[in-house]
Amino acid sequence: MANQKNDWLINAEVQYKVTPVKGRWEVSLIFINTEDPNQVLVQTIGDYRSKQLAEIYGRSMQQTAAKDPRGTKKLDKDAYDFNNN
């Protein structure tokens, strides 16, 4: 039986974030619930020696993980705000 509390992940918007961590560039995927933008899941997926490599990997993984591979955004950008603190 599927975990119903995580069913929203099937239709989630997927974004990526690249952050510097200990001299490397860490890539995280961010899954955002399209019905409740306050519900998010952040999953670290790797780290790279350069920001450019991390950006390439992040974009690739975002397109792979997103339901709509064209990258069409489902949420209004003003519907949520990420605090990097």
Side-chain angles (χ1 to χ4, degrees):
M1 185 164 131
N3 187 350
Q4 291 181 349
K5 73 177 188 172
N6 290 329
D7 285 348
W8 66 270
L9 288 168
I10 294 169
N11 295 316
E13 178 179 339
V14 182
Q15 297 184 4
Y16 72 95
K17 181 170 102 173
V18 175
T19 52
V21 177
K22 297 180 182 177
R24 308 264 305 166
W25 293 92
E26 187 175 88
V27 180
S28 300
L29 285 182
I30 304 166
F31 299 87
I32 305 166
N33 186 340
T34 56
E35 294 179 15
D36 178 8
N38 293 317
Q39 186 176 19
V40 298
L41 173 67
V42 179
Q43 183 67 44
T44 302
I45 58 172
D47 63 272
Y48 296 87
R49 60 183 165 83
S50 75
K51 185 176 183 179
Q52 182 179 11
L53 286 174
E55 292 278 346
I56 291 168
Y57 184 70
R59 277 191 300 272
S60 174
M61 291 306 295
Q62 175 188 24
Q63 289 176 345
T64 300
K67 182 174 180 130
D68 185 351
R70 296 170 298 172
T72 304
K73 299 301 178 198
K74 302 173 195 161
L75 289 176
D76 178 9
K77 289 287 185 198
D78 296 327
Y80 56 90
D81 181 37
F82 289 120
N83 184 347
N84 290 329
N85 291 331

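Since this is a predicted model, take the numbers as computed values, not measurements.
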All ring-ring contact (aromatic ring centres under 6.0 Å, His included) counterparts of Y16, not counting sequence neighbours
none

All heavy atoms of A54 vs all of V18, minimum pair found to be CB-CG1, 3.7 Å

Approximate separation, where rounding is to 0.5 Å, of W8 CH2 and E35 CD
11.0 Å

Distance check, rounded to the nearest 0.5 Å: Q43 atom CD versus L29 atom CG?
8.0 Å

Looking at every non-hydrogen atom in both residues, tell me the closest pair between Q62 and V14 and how far apart they are.
NE2-O, 2.8 Å

Does E13 use its side chain to pair, donor to acceptor, with the backbone of T34 at less than 3.5 Å?
no

Check: I56 main-chain N/O paired with S60 side-chain donor or acceptor under 3.5 Å
no

Mind listing the closest non-hydrogen atom pair of G58 and V27 along with its distance?
CA-CG1, 3.7 Å

With sequence neighbours excluded, give me every ring pair (Phe, Tyr, Trp, His ring centres under 6.0 Å) pair touching residues 23-51.
Y48-Y57

Residue pairs passing the salt bridge (charged side-chain N to carboxylate O under 4.0 Å, His left out) test with at least one member in residues 46-65, sequence neighbours excluded, are R24-D47, E55-R59

If you measure from CG on L41 to CG on N6, what distance do you get to the nearest 0.5 Å?
7.5 Å

Distance check, rounded to the nearest 0.5 Å: I45 atom CD1 versus T64 atom OG1?
9.0 Å

Return the set of residues passing side chain to side chain donor-acceptor pair (under 3.5 Å) with Q52 (not counting sequence neighbours), or none when no residue passes.
none

